[in-house]
Amino acid sequence: MSDDRKASSSTSRGTAKGEAPGDAGQQGRTVVPFEDNRLLQLILGQHDAHLAVIEQKLGIKAQPHGNLITLIGQTQQREIAKRVLEELYARAGKGEVIGVGDVDGMIRHASSAPAKEGMAQIKTRKRMVTARTPMQSGYIRALERTDLVFGIGPAGTGKTYIAVAYAAQMLERNEVERIILSRPAVEAGERLGFLPGDMREKVDPYLRPLYDALYDVLPPEKVEKDLESGVIEIAPLAFMRGRTLAHSVVILDEAQNTSPMQMKMFLTRLGEGSKMIVTGDPSQIDLPLGQKSGLDEAVKLLHDVKGIEAIRFTGADVVRRDLVAKIVAAYDAATAIDPGRSR
């Protein structure tokens with residue numbers, strides 16, 4: 001606990017029973033007690049970093065003292081902070097590693113989601129992936145109940161990472177036999193030219209975000225072994241024609257860069273016991289000017305089909321860092337004024 005926090009804390013155990021009203025019934029004080037001081041240190045974070053996030057995001061004061069944390073601020077914000085602290089404590093008690101991003105995610109959920117809806121999680125051998133926004137929780141739950149899910153939205157919303165983590169979870173639970181990763185080989189406004197090497201080496205530059213996610217949720221030796229054995233398969237979109245993909249999780253990333261014919265071809269590969277996850281950002285289409293995006297058409301055509309769900313992320317779901325969210329918001333605002341800017 002930092003010295004300045006100790007010095008600033010004037011709360012005594014005598015106030016631990018509840019709240020003291022403040023100005024105009026808005027400002028007040030809530031004292032949250034915790035039984036295990038060891039776990040309390042974990043939820044505070046290094047140098048009280050977790051409390052600093054709660055203070056910044058909710059506009060309150062959070063002062064630790066002994067086994068208590070005193071919250072000072074408006075009633076609604078204090079209630080949200082209390083829920084976040086209790087969730088942090090529960091997760092620390094389960095041995096979960098908690099970072100600043102997790103605290104931010106808990107605040108988003110506590111601020112937006114109904115109290116009965118917890119934060120959806122994906123568990124792999126290497127890590128526990130916890131949703132950081134209510135929309136991410138909705139995405140994970142859609143993956144659990146539906147065999148074809150579209151994850152649509154801007155960069156930084158976790159749509160691809162969650163898809164790969166969910167696929168890894170299914171593979172480790174023996175619910176599927178393979179993971180198949182695919183992406184259209186369309187350059188983002190550049191020309192990469194001739195790429196030497198075998199098929200995997202040629203498509204690696206296009207699939208690097210998928211590889212990065214795999215190595216983050218699975219042990220490196222398992223990823224390498226499964227790539228060698230074909231349990232994890234790299235399948236360029238152009239090579240998918242004629243196949244039936246059974247007992248697999250099939251992920252198509254950057255789907256905004258597919259043509260309508262390519263998208264139809266891909267979606268009709270879905271076989272028995274398989275799940276398809278299609279991700280893309282309609283604001284970053286790299287197709288030739290005038291060519292329609294297969295992602296946009298598919299979502300419109302299939303929106304009423306039972307067994308298919310589309311989850312739409314927005315700039316509010318960006319979890320990389322605040323600056324990325326501001327960049328997305330600026331471009332969205334410019335596109336709203338001039339739709340032609342997105343191409």
Side-chain angles (χ1 to χ4, degrees), residues 120 122-127 129 139-152 158-185 198-200 202-204 206-255 257-258 261-280 294-295 298-299 302 305-311:
I122 299 169
K123 184 176 177 57
T124 69
R125 189 185 317 180
K126 189 174 178 181
R127 69 171 64 250
V129 178
Y139 186 37
I140 293 171
R141 293 183 178 112
L143 294 173
E144 292 170 344
R145 64 178 175 255
T146 309
D147 287 337
L148 174 54
V149 178
F150 292 92
I152 308 161
K159 57 189 182 296
T160 299
Y161 183 86
I162 288 174
V164 173
Y166 191 81
Q169 174 183 265
M170 291 194 72
L171 184 65
E172 292 200 312
R173 290 180 176 177
N174 295 316
E175 295 174 349
V176 293
E177 298 172 0
R178 292 182 300 164
I179 296 174
I180 301 174
L181 307 176
S182 188
R183 216 180 190 201
D198 59 21
M199 180 54 64
R200 178 178 166 185
K202 288 178 185 293
V203 299
D204 268 1
Y206 301 103
L207 294 163
R208 180 50 50 191
L210 299 175
Y211 279 122
D212 290 344
L214 275 173
Y215 282 106
D216 198 52
V217 298
L218 292 173
E221 59 275 13
K222 176 171 176 56
V223 176
E224 291 298 329
K225 178 183 176 182
D226 287 350
L227 284 168
E228 291 295 328
S229 66
V231 171
I232 298 176
E233 180 183 352
I234 307 303
L237 182 59
F239 286 32
M240 299 284 280
R241 189 176 300 278
R243 301 183 61 183
T244 299
L245 307 173
H247 307 293
S248 307
V249 180
V250 191
I251 299 173
L252 175 60
D253 192 33
E254 297 290 338
N257 288 327
T258 61
M261 189 61 67
Q262 286 175 321
M263 179 61 76
K264 179 183 176 183
M265 178 272 293
F266 176 80
L267 295 177
T268 54
R269 301 307 95 197
L270 183 62
E272 193 69 30
S274 287
K275 188 179 294 284
M276 273 188 172
I277 311 172
V278 180
T279 66
L295 175 62
V299 171
L302 303 175
V305 177
K306 188 176 180 180
I308 299 175
E309 293 192 56
I311 305 299

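Every value quoted in this text rests on a predicted model; they were computed, and no experiment measured them. Numbers for residues simply follow the sequence, beginning at 1.
- For T279 (side chain) and T160 (main-chain N/O), no donor-acceptor pair under 3.5 Å exists by modelled atom type.
- Shown here are the salt bridge (charged side-chain N to carboxylate O under 4.0 Å, His left out) partners of R178, two or more places apart in sequence or in another chain: E233.
- The heavy-atom pair separating I180 from R243 by the smallest distance is CD1-NH2, 4.4 Å.
- Nearest approach of P184 to T258, heavy atoms of both residues: CG-CG2, 4.1 Å.
- Side-chain contact between S182 and L210 is absent, with no heavy atoms from C-beta onward closer than 4.5 Å.
- Two residues are said to be in side-chain contact when any heavy atoms from C-beta on lie closer than 4.5 Å; L295 and F150 meet this criterion.
- Using a 4.5 Å heavy-atom cutoff, the side chains of I140 and V129 are not in contact.
- Not counting sequence neighbours, E177 has no partner by the side chain to side chain donor-acceptor pair (under 3.5 Å) test.
- Scored by the side-chain contact (heavy atoms from CB on, under 4.5 Å) test, K225 finds no partners at all (sequence neighbours excluded).
- A side-chain donor-acceptor contact under 3.5 Å links K275 to the backbone of T146.
- The two residues I251 and F266 come nearest to each other via the heavy atoms C-CZ, 4.5 Å.
- The heavy-atom pair separating G280 from K159 by the smallest distance is O-CE, 3.4 Å.
- A salt bridge does not link E172 to K222: none of the charged side-chain nitrogens sits closer than 4.0 Å to a carboxylate oxygen.
- When atom types are taken as modelled, the side chain of Y139 and the backbone of I311 share no donor-acceptor pair closer than 3.5 angstrom.
- Side chain of T124 to backbone of V217: a donor-acceptor contact under 3.5 angstrom is found.
- Between G294 and M263, the shortest heavy-atom distance links the atoms O-CG, 3.6 Å.
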